[in-house]
Amino acid sequence: MKFRRPVRDERLLELLEEAGRNASRATALLTEMLADFPERAELARDILLREQEGDRIAHDVIYRIARAPRRATLDSRDVYDLIRALDDVVDHTEEAADSLGLYGIEAPMEQAQQLADLLARSAVAVEHALEQLHDGHEMNGELVQIHELENEGDRVSREAIASLFATGIDPMVVIRWKDVFESLEQGIDSCETVAHVLEGISIKVAG
Amino acid sequence: MDRLRLAVIDADSGFVRVLNKRMAAMGWEYRTLASPVPAEQLIAMRLNCLVVDLELLGPNAWSYLERVCEQIPGLGVIVATPRSTVAQRVRGLRLGADDWIGKPCHPEEVIARVEAVVRRRRRAHGETDRKPIVAGELEIRGDQFQAYVGGQSLDLTRREFELLHLLSGTPGQVLPREEIYQRVWGYAMAHGDRSVDVFVRKLRQKLETASPGWSYIHTHFGIGYRFEPEGEAAEMVASPAAPAPVEEAEDIAARV
């Protein structure tokens, strides 16, 4: 019986890398926006462009896996889960940026700045992990880092939401910031979903 | 008269029920509290007046009354309590209460006294507001919700003006961020909220543009802000170019 070697889709790996870079850029913009809010509120527009770019990349990836050969190195289901999670990172980032303007937020909260920073660091780790995937290298370091950042994000997010329910806080502040904190946390969670999918891929590739 | 905001601290259900009906009929915004709340929460309620039964507060009644009157100088405080001696009434009024009503009393009388206290306070506040605060090159006019340098408006937003008005009302005093937020925004400050810092930054930018040689708002790291005009050259205060204090200007105008 003759075995055929799996086909490595170079273009698909490039697109995934591109999606990682895009997520990393979008989250960096959000960090920048929150660090100097409301002076840098106009960055919401750039983040929206990143979100549209993310959709374009996701579409290209899905188009590509729909036509992938049976012997592809990466399982189509894994690639689909991966690109969806990457798209979610950018979507939640854009959602947080949009909420700042939509709710007429006048000034940032420190916890939002911390969460945005954790999200950006997670996205950088995701970007590096996808580079390692392309190069066929070990990505364990990045994946561990993403899990650690997610744990830290959970802690900050819980404390942030709890701080909104202290006595005497303006109910409008609670409504606005609870949504923003949740979007940021979901962005960090999506990075962790990327890490989970990558872990599965690395196990399959090693096996 | 604008819509009044009032809180009643009283556990006498019959009295409170009748009073509530009257206050509702007057179109006032009111809250009935069966137990005392911290002064910080009262600040957040942005009240015009507080009606309090001291008997409800037990042994802490005097300290509570003193704290509320001290921490919320703009709040009208009426004590409505049964069985009081002359000494107690004098003590209460000296601690800062605006009026004292002996119970049982007619709700209509309470309503009239609330109106009287609020009217007196608004009149006093209006007089204070009409008198501008002059600090450095800055003239802060409460009656116009605006500040001027050399007759030029700083184009302050309502929030920026309220912040400047609050800070300039306590020159040389460090106001913690939490207190600034409570007084300007009317709510307790959520931990980590940077609103005060952002608005101080905006205010400073406008002040620096309009009055470049002066520094008005000083940061006390980890605490809050202090208003104290500091010019590059102290002699600017005495120079003919500097604006004369309003009282002096008015005297000059009267002489002319």
Side-chain angles (χ1 to χ4, degrees), chain A residues 30-44 96 99-101 103-119 152-185, chain B residues 5 7 29 31 33 35-47 50 68 71-72 75 156-163 176-206 208-209 219 221-225:
Chain A
L30 182 65
T31 310
E32 216 177 301
M33 181 179 169
L34 269 167
D36 207 5
F37 193 80
E39 279 78 3
R40 302 302 309 277
E42 80 283 353
L43 288 178
S99 300
L100 293 170
Y103 294 161
I105 289 173
E106 295 175 326
M109 282 191 69
E110 281 168 17
Q111 298 92 327
Q113 292 172 329
Q114 286 170 21
L115 286 170
D117 181 56
L118 290 169
L119 173 59
E152 179 67 1
D154 266 353
R155 188 190 61 77
V156 175
S157 174
R158 282 174 64 83
E159 283 178 11
I161 290 174
S163 76
L164 295 176
F165 290 92
T167 334
I169 309 284
D170 181 357
M172 295 301 285
V173 167
V174 178
I175 294 166
R176 288 167 181 153
W177 281 108
K178 193 168 173 290
D179 279 1
V180 177
F181 290 152
E182 281 172 358
S183 297
L184 291 166
E185 198 197 350
Chain B
R5 288 172 72 97
E29 283 180 46
R31 277 186 77 170
L33 307 158
S35 58
V37 296
E40 293 73 27
Q41 277 191 45
L42 292 175
I43 294 173
M45 291 179 201
R46 305 193 96 168
L47 301 170
L50 172 73
V68 168
Q71 289 188 21
I72 324 173
L75 177 70
L156 300 180
T157 62
R158 171 80 183 242
R159 192 85 87 195
E160 288 163 357
F161 173 79
E162 283 178 359
L163 181 59
R177 282 181 179 78
E178 292 79 7
E179 189 182 335
I180 295 172
Y181 189 93
Q182 264 182 341
R183 289 184 181 269
V184 175
W185 277 261
Y187 289 95
M189 189 180 103
H191 172 68
D193 193 326
R194 303 287 311 278
S195 296
V196 173
D197 303 305
V198 165
F199 276 84
V200 165
R201 190 167 72 214
K202 288 178 176 179
L203 193 53
R204 274 184 176 148
Q205 282 166 358
K206 290 189 178 178
E208 276 166 24
T209 309
T219 305
F221 289 104
I223 304 170
Y225 296 96

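Model, not experiment: these values are computed from the prediction. A, B, ... follow the sequence lines: proteins, then strands. Residue 1 opens every chain.
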For residues D36(A) and R201(B), determine if any side-chain heavy atom of one lies less than 4.5 Å from a side-chain heavy atom of the other.
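When only atoms from C-beta onward are counted, R201(B) and D36(A) do touch, with a gap below 4.5 Å.
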Can you tell me how far apart [atom1] ([X]) and [atom2] ([Y]) are? Round to the nearest 0.5 Å.
| X | Y | atom1 | atom2 | result |
| --- | --- | --- | --- | --- |
| I169(A) | H191(B) | CD1 | NE2 | 11.0 Å |
| K202(B) | E39(A) | NZ | CD | 7.0 Å |
| E106(A) | R194(B) | CD | CZ | 14.5 Å |

What is the minimum heavy-atom distance between Y181(B) and V173(A), and which atoms define it?
OH-CG2, 3.8 Å
Heavy-atom proximity to chain B below 4.5 Å, by part of [X]:
| X | value |
| --- | --- |
| F37(A) | backbone |
| Q114(A) | neither |
| E159(A) | neither |

Using a cut-off of under 4.5 Å for heavy-atom pairs, which of A160(A), S163(A), P108(A) has the most such pairs with chain B?
P108(A)
Look at atom CZ of R31(B) and say whether more than 12 heavy atoms of other residues, nucleotides or ligands are closer to it than 6.0 Å.
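No, because the 6.0 Å sphere around CZ of R31(B) holds 12 heavy atoms or fewer from other groups.
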